[in-house]
**Q** 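The structure under discussion is supplied below as structure tokens; questions concerning it will follow.
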Amino acid sequence: MKKKLVSVLLATSMVLSLVACTGGTEATSDVATGTSEGGQTTVEAPAGDYDLTSIKMVVDGTLTANLDNRQDAFIEQWQEAIKEETGRDVTLNINQLDHSGYVDAVGRLFAGGDYPDVMIMPASMYAQYASTGILWDMTDAYNNAEFQSRMEKPEINEGLKRDGKLYGFSPAYGNGCVTYVKTAWLDAVGLKASDIKTYDDYYNMLLKFTNEDPDGNGKNDTYGTIAAGFMKTDEAPYINYLPEFWQDAYPAIYQNESGEWVDGFTEDATKQALIRLQKAYKDGVIDPETLTASTKIAREKYFSNEQSGSSGSFAYWAGTWYQTLTDNLVKNDVDTELVMLDPIAEVGSYINREAPVWVIIDDQDGDNSREQAIFDTFIDTMLDGGKVQVLWTYGAEDVHWSTKAESFVLNAGTDNEKSYEYADGEFHLKQSPNDANSLWKKNAMDPALVIAPLVGEYADFTSTSELAAQGNLFFVQHCKDAHPSPSCETLTNESGTIQDAQNRVISAVIVEGKDVDAALADYEAEAGAIVAQALSELNAQ
């Protein structure tokens with residue numbers, strides 16, 4: 001199905017139909033023409049010549065201010081800030097799709113002709129779409145953006161360029177996952193985090209979590225670990241939710257140290273990882289729901305107040321999530337502390353993923369004025385150093401954060417009760433709109449990861465807790481960059497077929513216990529020719 005969706009997307013008739021599906025109105029004055037380096041006629045116009053009245057945005061769970069968390073307040077204040085900053089009266093329409101199935105959901109939207117004006121893309125998705133003509137070339141707009149004077153990490157977006165052209169923008173660097181372990185469970189089985197140095201140590205810990213009743217309920221109903229999938233075949237860096245099992249394997253198309261593009265899914269390192277996962281599944285140390293669990297399901301099982309069916313180890317995002325996971329464990333009276341495991345010897349380093357990017361859909365009408373207006377209104381303001389950047393970072397004023405004097409209590413009347421009191425003028429986060437016992441953390445941009453600082457009256461706005469700061473520092477000290485995502489015509493059209501074949505191998509080997517060589521032979525028969533063609537294109541570039 002994914003193969004068909006992407007293929008339909010790339011059909012010429014659909015590309016040309018974009019002009020009829022995107023938001024806004026027609027340009028109100030003539031545009032200037034010029035000649036590109038290749039001799040083709042180009043059409044340019046200042047954004048002010050385009051009467052932009054609305055922006056249709058598609059996003060995943062990156063935007064924390066969802067419908068339950070007062071997205072309406074975020075939209076209202078964003079529109080007011082944009083009017084104040086740019087003079088444009090623009091309506092922002094948000095279509096927030098499920099985080100776990102985002103790539104497929106976007107494919108269905110596009111196949112139905114429902115194109116947004118602007119959207120967020122995971123790095124691997126961006127790599128496939130960048131050269132298709134679907135995404136607007138924002139190189140010039142980026143080079144002339146107002147935020148350039150404040151940007152501290154230009155290498156983040158320089159690394160997103162394809163043949164010198166930029167088709168997407170990231171306001172933050174990628175981050176990655178680390179392995180968290182419940183301290184109470186370690187205590188219950190007589191271990192310390194410092195004991196876990198090798199894979200054998202890690203696996204022994206999982207066995208104890210599974211077999212020695214670490215939650216103390218008198219039942220054999222716990223697991224060593226859970227993850228949102230044994231491998232995220234459609235989301236780089238693919239293996240970050242179970243790093244101890246994958247170790248030095250990278251089960252995707254990547255560029256090796258010799259500069260050659262290869263299929264890591266067929267390498268011996270992947271075979272050995274699948275064998276490790278097969279044994280772990282058979283031994284019962286991995287929650288079987290891992291095969292189908294979303295990130296939401298996995299993390300909620302981890303910190304649920306009903307620990308029956310939960311697990312002791314959980315690899316998830318560093319930094320802010322260190323605080324969030326701990327807060328949920330405390331709120332549910334499960335544990336008061338999580339510890340981050342140093343990467344075991346066989347892993348060496350956790351993986352810093354490529355950053356997700358915001359892209360603008362090109363309507364193919366030969367006139368850049370609409371796209372430039374969207375860039376100026378939506379992307380350039382995202383790092384304005386002021387009111388709009390605060391909205392993307394922390395959310396809506398007096399809803400998600402405030403500088404007004406106030407006091408409140410979380411988990412009142414429990415052992416985890418915590419009081420907060422703030423003076424007038426003191427920046428602070430408020431209680432989450434959908435949970436009065438949780439403190440709001442951030443909106444779409446993690447303040448610790450943003451590539452340009454807040455300035456002026458907002459320069460002192462900071463919410464990074466001690467735990468989040470520890471988590472960020474720990475990750476920086478123990479990470480390496482992910483392999484760049486590949487991009488070629490065959491992968492753009494056929495990546496769904498490859499992913500489906502990979503998923504069948506994972507299910508057959510890990511869950512069904514199939515011989516790994518036989519399963520990989522099936523993969524070769526199903527996807528080998530497609531992979532070979534993709535590698536040929538990549539290595540010829």
Side-chain angles (χ1 to χ4, degrees), residues 9 18-25 47 50-83 85-86 88-99 101-123 125-126 129 134-136 138 141-142 145 147 167-172 355-363 370-384 387-396 399-400 442-446 450:
L9 169 63
L18 284 169
V19 66
C21 302
T22 47
T25 59
Y50 191 87
D51 184 16
L52 185 70
T53 59
S54 67
I55 292 178
K56 181 163 48 173
M57 161 186 152
V58 167
V59 70
D60 57 7
T62 300
L63 186 72
T64 312
N66 55 28
L67 292 176
D68 291 337
N69 274 316
R70 293 297 311 276
Q71 189 174 101
D72 60 325
F74 166 75
I75 291 174
E76 179 181 0
Q77 292 189 22
W78 182 90
Q79 291 173 169
E80 291 172 353
I82 291 300
K83 179 73 176 292
E85 188 164 316
T86 71
R88 295 191 181 94
D89 194 357
V90 179
T91 300
L92 179 63
N93 299 300
I94 300 177
N95 182 6
Q96 187 162 15
L97 305 175
D98 180 70
H99 192 81
Y102 184 70
V103 174
D104 284 347
V106 168
R108 288 190 292 272
L109 284 179
F110 284 4
D114 188 6
Y115 303 98
D117 295 304
V118 64
M119 64 177 292
I120 200 167
M121 281 188 170
M125 186 180 183
Y126 168 73
Y129 282 82
I134 301 294
L135 310 184
W136 182 59
M138 61 176 67
Y142 169 78
F147 59 66
Y167 299 95
F169 169 74
S170 179
V357 300
W358 289 96
V359 302
I360 296 172
I361 303 300
D362 192 328
D363 62 15
R370 166 191 160 273
E371 290 85 354
Q372 181 69 54
I374 294 170
F375 182 95
D376 292 345
T377 305
F378 187 91
I379 290 181
D380 202 353
T381 61
M382 192 177 282
L383 293 182
D384 68 349
K387 190 175 293 187
V388 181
Q389 186 170 335
V390 170
L391 280 162
W392 286 110
T393 306
Y394 295 115
V399 176
H400 301 111
K442 65 177 182 65
N443 192 14
M445 301 191 308
D446 190 321
V450 177

**Q** List the residues meeting ring pair (Phe, Tyr, Trp, His ring centres under 6.0 Å) with Phe169, not counting sequence neighbours, and say none if there are none.
**A** Phe147
**Q** For a quick test of reading the model, state the closest non-hydrogen atom pair linking Asp376 to Arg88 and the distance between them.
**A** CB-NH1, 4.2 Å
**Q** Can you check whether Val388's main-chain N or O pairs, donor with acceptor, with Glu85's side chain at less than 3.5 Å?
**A** no
**Q** What orientation do Phe110 and Tyr115 show, parallel under 30°, tilted 30 to 60°, or perpendicular over 60°?
**A** tilted
**Q** Quick check for you: to the nearest 0.5 Å, what is the distance between Asp363 atom CG and Ile374 atom CD1?
**A** 8.0 Å
**Q** Measuring from Lys56:NZ to Asp117:CG, what's the distance to the nearest 0.5 Å?
**A** 7.0 Å
**Q** Measure across Gly395 and Asn443 and return the closest heavy-atom pair with its distance rounded to 0.1 Å.
**A** N-CB, 3.7 Å
**Q** Work out which heavy atom in Gln389 is nearest to a heavy atom in Val450; give both atom names and the distance.
**A** NE2-CG1, 3.7 Å
**Q** Would you say the ring centers of Phe375 and Trp358 fall short of 6.0 Å from each other?
**A** no
**Q** Would you say Phe74 and Ile94 make side-chain contact, with heavy atoms under 4.5 Å?
**A** yes
**Q** With sequence neighbours left out, what residues match Asn93 under side chain to side chain contact (heavy atoms under 4.5 Å, CB included)?
**A** Ser54, Thr91
**Q** Please report the C-alpha distance between Ile379 and Tyr142 in whole Å, then the side-chain angles of each, then the deciding distance to 0.1 Å, and finally whether the side-chain contact (heavy atoms from CB on, under 4.5 Å) criterion is met.
**A** CA-CA 9 Å; Ile379 290 181; Tyr142 169 78; over 6 Å; no
**Q** Minimum heavy-atom separation for His99 to Gly61, with atom names?
**A** ND1-N, 3.1 Å
**Q** If you define the side chain from C-beta out and look only at heavy atoms, does anything of Leu135 sit under 4.5 Å from Asp362?
**A** no
**Q** For Asp89, what residues pass the side chain to side chain contact (heavy atoms under 4.5 Å, CB included) criterion, not counting sequence neighbours?
**A** Lys83
**Q** Verify, without hydrogens or angle tests, whether Gln96 (side chain) and Val59 (backbone) share a donor-acceptor contact under 3.5 angstrom.
**A** no
**Q** Using only atom types and a distance under 3.5 Å, with no angle test, would you say the side chain of Thr62 pairs donor to acceptor with the backbone of Ala444?
**A** no
**Q** Would the distance check show the side chain of Asp60 and the main-chain N or O of Leu97 forming a donor-acceptor pair, the cut-off being under 3.5 Å?
**A** no
**Q** Please report the interatomic distance CZ(Arg70) to CG(Leu67), rounded to the nearest 0.5 Å.
**A** 11.5 Å
**Q** About how many Å separate OG1 of Thr86 and CG of Asp380, when rounded to the nearest 0.5 Å?
**A** 10.5 Å
**Q** Given side chains that start at C-beta, do those of Ile120 and Leu63 come closer than 4.5 Å, heavy atoms only?
**A** no
**Q** Taking all non-hydrogen atoms of both residues into account, name the closest pair between Tyr394 and His400 and its distance.
**A** O-CB, 3.3 Å
**Q** Can you measure from OG1 (Thr64) to CE (Met445) and round to the nearest 0.5 angstrom?
**A** 11.5 Å
**Q** Judged by atom type as modelled, is there a donor-acceptor pair below 3.5 Å linking the side chain of Tyr126 to the main-chain atoms of Tyr167?
**A** yes
**Q** Say you draw a straight line from OG1 of Thr377 to CD of Gln372; how long is it, rounded to the nearest 0.5 Å?
**A** 9.5 Å
**Q** Kindly indicate whether the side chain of Pro171, heavy atoms from C-beta on, has any atom under 4.5 Å from the side chain of Trp392.
**A** no
**Q** What are the two closest non-hydrogen atoms of Val359 and Met138, and how far apart are they?
**A** CA-CE, 4.4 Å
